> 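Mind looking over this structure? Questions follow.
These numbers were taken from a predicted model, which means no experiment stands behind them. Keep in mind that the numbers below use all heavy atoms, side chains included, and drop hydrogens, waters and symmetry copies. Numbering starts at 1 and runs along the sequence shown.
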Amino acid sequence: MAKSQSLEQRQIAYSGRSWRQLGRDYLMMTKPKVVAMLLLTALVGMCLAVPGIPPVNAVVLGLLGIGLQSASAAAFNHVLDRQLDAKMARTHHRPLARGRVPTVNAVIFATVLMVVGFALLWQLNPLTAWLTLASLVGYALVYTVWLKHATPQNIVIGGLAGAAPPLLGWAAVTGQFDPHALLLVMLVFAWTPPHFWALAIHRRDDYAKADIPMLPVTHGIAFTKTMVLLYTLILTLIGLLPWLTGMSGTLYLAGSLALNLGFVGYALKLKFADEPGHAWATFKFSIWHLLGLFVVLLADHWLGILLA
């Protein structure tokens, strides 16, 4: 009885909401900040795929298609995690967790985004369309439904889906699967665990309450700090590969070393001189780190073109 009353009260409370409020809820389901970061890495993949300016048609259709499919994956994540989201302080305000958007509406919304995104990418080439759809399935289903609840290595294995956009951008322009694009994927793949584990340390009690086996919950915070440090060191080594293979030049080398060693510095402090709020600071730095890394990649690429 209490549950039905609560649902009825929610329906009454939200029945008079404006189109702007409803639009904000649907936009929130797409995780726009995450999608924007993914699109940046995809754009860099597009630019590095060709010696000059990539075709405008491929850039526009590619970014639209990848963006829509990424937004679809985020919306499906909201649908599948709605009960868990309601238990966690970080996510309890989300539209489905609060009952502001009916589940069936969210499923239709996510499906439309997925279909339109796939159709746009298919106009470029089938490889990009299928790779992007595979990434969507990997995140929205394999990670959210299975890995997230099955193993503390969930973010390591599932991070491959989130690391795919540089490859997707490359394929959108060339229609090919290129080894150089995999170097960009490796950068994001190695960055993902320390990024999320820093957040997981900060929100350890939240994940424990929701019974999600994140590494700080299953193996303790001290061990997780060690793994954050290990992966930032791995990231620093992987960060040398674009320069070692001749894909990027000295501007990238200098910028990536500065950014990666800065990340290592945050991880060292987290491990050996932690203080309240530093895990959260490490998480926030990691976001700017990835943005900076791909901006440096792009700047180095264009500098090389100008000097050629």
Side-chain angles (χ1 to χ4, degrees), residues 31-48 70 90 139 155-156 158-169 180-203 214-216 224-245 247-275 277-303:
K31 301 183 180 180
K33 292 181 180 179
V34 175
V35 171
M37 183 183 298
L38 296 177
L39 288 180
L40 172 63
T41 64
L43 177 62
V44 172
M46 292 175 173
C47 292
L48 268 62
S70 298
R90 184 174 68 90
Y139 175 73
I155 204 61
V156 177
L160 188 58
L167 173 62
L168 304 178
H180 279 123
L182 295 180
L183 295 182
L184 303 180
V185 172
M186 289 173 64
L187 286 174
V188 184
F189 182 69
W191 167 87
T192 301
H195 164 71
F196 274 101
W197 283 335
L199 173 65
I201 290 172
H202 179 69
R203 293 290 190 178
M214 295 298 285
L215 200 62
T224 306
K225 290 176 179 178
T226 301
M227 296 303 292
V228 169
L229 177 57
L230 174 62
Y231 270 86
T232 56
L233 293 172
I234 292 173
L235 174 61
T236 302
L237 294 176
I238 291 175
L240 297 175
L241 293 178
W243 175 72
L244 290 172
T245 60
M247 179 180 172
S248 298
T250 53
L251 176 60
Y252 165 76
L253 177 64
S256 66
L257 280 175
L259 288 164
N260 289 334
L261 291 176
F263 203 172
V264 171
Y266 269 84
L268 283 169
K269 182 176 179 180
L270 185 67
K271 176 61 181 176
F272 298 109
D274 194 14
E275 59 186 28
H278 184 64
W280 179 245
T282 302
F283 170 75
K284 290 192 294 184
F285 173 81
S286 70
I287 296 173
W288 291 107
H289 166 276
L290 187 68
L291 291 173
L293 195 62
F294 274 79
V295 168
V296 168
L297 270 166
L298 191 57
D300 180 273
H301 176 71
W302 287 114
L303 180 63

> Please confirm whether the backbone N or O of Gly239 pairs with a side-chain atom of Tyr252, one donor and one acceptor, at under 3.5 Å?
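Here the side-chain-to-backbone pair exists.
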> Taking C-beta and beyond as the side chain, do Trp197 and Val156 meet within less than 4.5 Å on heavy atoms?
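Yes, close enough: below the 4.5 Å cut-off.
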> Once you round to the nearest 0.5 Å, how far does OG1 of Thr226 lie from CG of Leu215?
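With rounding to 0.5 Å, OG1 (Thr226) is 9.5 Å from CG (Leu215).
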> Is the backbone of Ser256 close enough, under 3.5 Å, to the side chain of Asn260 for a donor and an acceptor to pair up by distance?
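A pair under 3.5 Å: yes.
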> Mind checking whether Tyr266 and His289 have ring centres under 6.0 Å apart?
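Ring centres of His289 and Tyr266 not closer than 6.0 Å.
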> Which distance, rounded to the nearest 0.5 Å, do you find between the OG of Ser248 and the CG of Leu241?
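The CG atom of Leu241 is 10.5 Å from OG of Ser248, to the nearest 0.5 Å.
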> Salt bridge between Asp274 and Lys225, side-chain N to carboxylate O under 4.0 Å?
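Salt bridge: yes.
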> Just by distance, do the side chain of Trp280 and the backbone of Leu199 share a donor-acceptor pair under 3.5 Å?
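Not confirmed, Trp280 side chain does not pair with Leu199 backbone.
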> State, to 0.1 Å, how close Pro193 and Ala190 come at their nearest heavy-atom pair, and which atoms those are.
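Of all heavy-atom pairs spanning Pro193 and Ala190, the closest is CD-O, 3.5 Å.
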> On a heavy-atom basis, which atom in Pro194 and which in Tyr231 lie closest, and how many Å separate them?
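So the minimum-distance heavy-atom pair works out to CD-CB, 3.6 Å.
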> Kindly indicate whether the side chain of Leu183, heavy atoms from C-beta on, has any atom under 4.5 Å from the side chain of His180.
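When only atoms from C-beta onward are counted, His180 and Leu183 do touch, with a gap below 4.5 Å.
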> So do Pro166 and Val44 actually touch side chain to side chain, heavy atoms under 4.5 Å?
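No - every pair of side-chain heavy atoms lies 4.5 Å or more apart.
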> Looking at side-chain heavy atoms only, is the closest gap between Lys269 and Glu275 below 4.5 Å?
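Heavy-atom side-chain distance check passes, below 4.5 Å.
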> Roughly how far, to the nearest 0.5 Å, is CG of Leu297 from CG of Leu43?
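Rounded to the nearest 0.5 Å, the CG-CG separation comes out at 11.5 Å.
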> With rounding to the nearest 0.5 Å, note down the distance linking CG in Leu229 to OG1 in Thr232.
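Atom-to-atom, Leu229:CG and Thr232:OG1 are 4.5 Å apart.
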> Show the nearest heavy-atom pair for residues Ala279 and Ile201, with the distance to one decimal.
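For Ala279 versus Ile201, the nearest heavy atoms are CB-CG2, 3.8 Å.
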> Step by step, work out the side chain to side chain contact (heavy atoms under 4.5 Å, CB included) result for Met247 and His301.
CA-CA 9 Å; Met247 179 180 172; His301 176 71; over 6 Å; no
> For Leu187 and Pro242, which heavy atoms make the closest approach, and how far apart are they?
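Scanning both residues completely, I find the closest heavy atoms to be CD1-CG, 4.4 Å.
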> Going by heavy atoms in the side chains, are Trp302 and Cys47 under 4.5 Å from each other?
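A side-chain contact under 4.5 Å exists here.
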> Where do Phe294 and Leu184 come nearest, in terms of heavy atoms and distance?
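That would be CZ-O, 4.1 Å.
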> Using the ring of each side chain (for Trp, its six-membered ring), is His195 parallel, tilted or perpendicular to Phe283, with breaks at 30° and 60°?
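If you compare the ring of His195 with that of Phe283, the planes turn out parallel.
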> What distance separates Leu290 CG from Phe263 CZ, expressed to the nearest 0.5 Å?
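With rounding to 0.5 Å, CG (Leu290) is 9.5 Å from CZ (Phe263).
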> Can you tell if the side chain of Thr282 reaches within under 4.5 Å of the side chain of Phe285, non-hydrogen atoms only?
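No - every pair of side-chain heavy atoms lies 4.5 Å or more apart.
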> Which atom pair, heavy atoms only, marks the closest approach of Ala181 to Leu167?
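It is CB-CD1, 3.7 Å.
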> Going by heavy atoms in the side chains, are Val185 and Leu160 under 4.5 Å from each other?
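They are in contact (side-chain heavy atoms under 4.5 Å apart), so the answer is yes.
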> Could you state the interatomic distance from NZ (Lys33) to CG (Leu38), rounded to the nearest 0.5 Å?
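Rounded to the nearest 0.5 Å, the NZ-CG separation comes out at 14.5 Å.
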